[in-house]
Structures are given as C-alpha cells and as structure tokens.
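Source: prediction; values computed, not measured.
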Amino acid sequence: MGIQKKPIVGLTLSGGGMRGVAHIAVLTALEEYDLKPDIISGTSAGAIVGAFYSYGKTPEEMMDIIKQTTFLSRSYLRLSKNGIFSSNFILKLFKDHFPEDDFRILKIPVYVAATEMTHGIIDFFSEGELFAPLLASSSVPFILSPVRIGEKVYIDGGVLDNLPIEPIMDQCDILIASHVNSISYDSFQSMSLMKEFDRILHLAIGKSVYSKAKYCNIFLDPPKMNRFSIFNKKFLDHMFQEVYVYTCNELESKGYSKI
C-alpha cells in the first residue's frame with residue numbers, strides 16, 4: 001500500500017482590526033490539531049496575520065508584537081481629506097519585522113485581498129511587493145487613506161470581500177475559514193461613534209460572508225465578537241482564550257483530535 005497523501009489545508013482569514021488577535025488563537029488551535037495551513041488568503045487584519053504567520057512568526061511571537069505595537073495613537077492623527085490617521089505605523093510594523101518588501105520571503109503562499117476603487121472589484125496579490133498590498137488591504141475607509149498601486153487605488157479588502165476564499169478554494173482539500181466579526185443581536189440603548197461605525201460596517205458586509213460558509217469544510221465564527229473593539233487592545237488575552245477554546249471545541253465536533 002502507498003503512503004496516504006496528507007490533505008492540503010487552506011485557511012481564509014477575515015478582516016476585523018484588533019479582532020485579528022482571534023485569528024492567532026485559531027492558528028494556535030489548528031497547529032495543535034495537525035491542521036497547520038499550507039495556503040492562506042486574507043483581507044485586512046487577516047492578511048497581515050497570514051503574512052506574519054507565513055513568514056514564520058509563531059502565534060506567541062505575533063501576540064507579543066501586537067502588545068508592543070502602538071496602533072492609531074494621537075501621534076499618527078492627520079485629519080486629512082482621505083483619512084483620520086497616517087498609515088505610517090503599519091508600514092513601520094512591516095519594516096521592523098519583515099526583512100524584505102517582497103512576497104518571496106513568505107514560506108506559505110498567501111493571497112491578499114484589496115478593493116479596487118475605480119471598478120469596484122477585488123484584486124488578489126500574491127507576488128511582487130508585499131507591503132503596499134498589505135497596507136491597501138487594511139486601509140479602512142475614512143480611518144486610513146487609500147493606497148495607490150501602479151495606476152490603481154485600493155481600500156480595505158473587507159469592503160467587498162471580508163472572507164476571500166476564492167483564490168484558494170480550488171487549491172486545497174480542506175478549506176477552513178475564520179470570521180471574527182459576528183454581531184450580537186442583544187438590544188442596546190446607545191453606543192459610541194466608533195461602535196456605531198463598527199456595527200454599520202459589519203451589518204453591511206455580513207451577508208456576503210455567511211453566503212460563503214457552505215463552501216468551507218470548517219467555518220469558524222465565534223459568537224458576539226462585537227463585544228471586542230476593532231480599534232483598541234482592551235481584553236486581548238480574554239479574546240484570545242475565548243476564541244482558542246471555541247476553535248478547539250469546533251474541531252473536536254468535526255472529529256479532529258489533538259496531536
């Protein structure tokens with residue numbers, strides 16, 4: 001008898017700002033259940049987490065990087081016509097932790113989704129310069145400025161495709177998707193401007209995400225994630241632990257066991 005070929009695992013990571021920490025929890029669990037991804041696609045925070053993981057950063061190292069990095073601080077306020085904050089803090093993150101601005105440094109294939117403004121389509125990047133596509137994929141409208149790549153202008157990939165399974169779904173045997181923006185439908189009386197922005201954004205893009213769940217072998221959608229902010233680092237460890245336990249339970253329910 002021949003040796004059975006190990007199935008190719010594909011992983012798609014949604015956007016979600018600081019909720020991208022939940023993807024790190026998912027990666028931690030996937031490694032423990034022998035489901036380490038062979039190919040990754042992502043948008044916004046998911047693209048950044050995917051790129052760091054592909055380069056070789058461990059989940060522990062990624063958590064340390066997030067805790068040590070200042071996001072959306074007052075020093076990056078710019079209040080320009082295109083965005084409230086400068087994106088220099090994201091570029092600094094890349095320059096500090098990647099040795100070269102090129103997809104070739106990544107050890108696992110990664111597809112980065114970004115929304116092309118002129119024609120209203122999603123473009124996927126997987127070769128050439130790395131930083132600009134990651135920055136474009138993460139440029140939340142009104143918060144960060146659009147990014148020009150060649151003759152085209154891009155914004156956050158999540159605007160049109162917050163679960164970009166398309167470039168990898170035919171390249172893997174097991175497709176896993178991690179969506180970190182589930183909304184609580186508990187009644188509420190009032191909310192901050194940022195929470196209102198968050199809710200409007202994810203109500204608008206949510207339907208396209210859930211229509212793709214049927215194409216995934218494992219669709220991870222931890223509940224009530226809007227309890228955690230997309231803009232600040234409060235409760236990161238709590239979110240990590242909660243999503244880690246959720247993911248382990250989901251994998252167990254699918255018949256997977258820890259190695």
Side-chain angles (χ1 to χ4, degrees), residues 9-37 40-50 52-53 58-60 62-63 66-67 113 138 140 156-158 161-165 174-188 191 194-195 197-258:
V9 177
L11 176 64
T12 296
L13 304 173
S14 75
M18 293 310 304
R19 292 183 199 134
V21 166
H23 294 317
I24 302 175
V26 166
L27 285 163
T28 301
L30 292 180
E31 286 189 353
E32 293 177 0
Y33 284 81
D34 198 24
L35 287 168
K36 185 173 179 176
I40 297 171
S41 63
T43 194
S44 200
I48 294 174
V49 169
F52 271 97
Y53 186 76
T58 66
E60 294 82 5
M62 285 191 281
M63 285 296 289
I66 289 172
K67 290 177 180 179
S138 310
V140 180
D156 195 301
D161 193 350
N162 207 30
L163 201 73
I165 63 174
I174 300 171
L175 177 59
I176 304 170
S178 174
H179 176 244
V180 296
N181 301 296
S182 62
I183 294 174
S184 167
Y185 291 100
D186 299 335
S187 61
F188 56 89
M191 58 174 58
M194 282 302 192
K195 282 191 174 181
F197 176 79
D198 176 8
R199 193 174 187 91
I200 291 169
L201 181 66
H202 290 105
L203 282 172
I205 65 181
K207 287 185 179 179
S208 65
V209 167
Y210 290 109
S211 69
K212 297 183 183 186
K214 62 188 175 188
Y215 300 108
C216 305
N217 300 97
I218 302 171
F219 179 65
L220 300 169
D221 189 37
K224 299 184 178 181
M225 287 296 288
N226 66 317
R227 290 171 296 149
F228 304 107
S229 172
I230 63 172
F231 295 113
N232 68 55
K233 297 194 284 185
K234 284 184 179 178
F235 313 118
L236 289 191
D237 290 323
H238 177 71
M239 174 170 49
F240 180 97
Q241 186 61 27
E242 190 172 297
V243 174
Y244 169 77
V245 171
Y246 164 86
T247 303
C248 291
N249 289 337
E250 287 294 304
L251 296 178
E252 295 275 353
S253 73
K254 295 283 187 181
Y256 294 97
S257 302
K258 285 190 177 183

From Lys212 NZ over to Leu163 CG, what is the distance, rounded to the nearest 0.5 angstrom?
6.0 Å

Can you measure from CG (Leu35) to NZ (Lys254) and round to the nearest 0.5 angstrom?
12.0 Å

Flag the pair Met18 / Asn232 as yes when at least one side-chain heavy-atom distance between them is below 4.5 Å, and no otherwise.
no

Do the side chains of Phe240 and Val26 get nearer than 4.5 Å, heavy atoms only?
no

Starting from the C-alpha separation in whole Å, work towards a yes-or-no answer on side chain to side chain contact (heavy atoms under 4.5 Å, CB included) for Phe219 and Val209.
CA-CA 10 Å; Phe219 179 65; Val209 167; 4.2 Å; yes

A side-chain contact here means heavy atoms from C-beta on lying under 4.5 Å apart; do Ile165 and Ser41 qualify?
no

In terms of heavy-atom contacts, does CZ of Phe235 have more than 12 from other residues, nucleotides or ligands at under 6.0 Å?
no

Please name the pair of heavy atoms, one in Gly16 and one in Ala45, separated by the smallest distance, quoted to 0.1 Å.
N-CB, 4.1 Å

Out of curiosity, Tyr246 OH to Met239 CE, how far, rounded to the nearest 0.5 Å?
15.0 Å

To the nearest 0.5 angstrom, please state how far the CG atom of Leu251 sits from the CG atom of Asp34.
11.5 Å

Leu11 and Pro37: which non-hydrogen atoms are nearest, and at how many Å?
CB-CB, 3.8 Å

Salt-bridge present (Glu242, Arg227; N to O < 4.0 Å):
yes

So, taking the atom named CG in Asn249 and the one named CG in Leu220, what distance separates them when rounded to the nearest 0.5 Å?
11.0 Å

Sole candidate of Leu30, Asn217, Leu13 that passes side chain to side chain contact (heavy atoms under 4.5 Å, CB included) when paired with Ile176:
Leu30

Assess, by modelled atom type and distance only, whether the side chains of Tyr256 and Glu250 contain a donor and an acceptor separated by less than 3.5 Å.
no

In short, Thr43 meets Gly158 closest at the heavy-atom pair OG1-N, 3.1 Å

Return yes if some donor-acceptor pair links the side-chain N/O of Ser182 with the main-chain N/O of Lys224 below 3.5 Å, else return no.
yes

To the nearest 0.5 Å, tell me how far Tyr244 OH sits from Leu27 CG.
13.0 Å

Just by distance, with hydrogens left out, do Ser44 and Asp156 show a side-chain donor and acceptor under 3.5 Å apart?
yes

Between Leu175 and Thr12, what is the shortest heavy-atom contact and its length?
CD1-OG1, 4.1 Å

Main-chain N/O of Thr247 paired to Tyr33 side chain as donor or acceptor, under 3.5 Å:
no

Heavy atoms of Pro59 and Glu31 approach each other most closely as CD-OE2, 4.2 Å

Would the distance check show the side chain of Arg19 and the main-chain N or O of Met225 forming a donor-acceptor pair, the cut-off being under 3.5 Å?
yes

Indicate the atoms forming the closest heavy-atom contact of Val21 with Met63, along with that distance.
CG1-SD, 3.6 Å

Expected output: side-chain Ser14 to main-chain Val180 donor-acceptor under 3.5 Å:
yes

Parallel, tilted or perpendicular for Tyr210 and His179, by the 30°/60° rule?
perpendicular

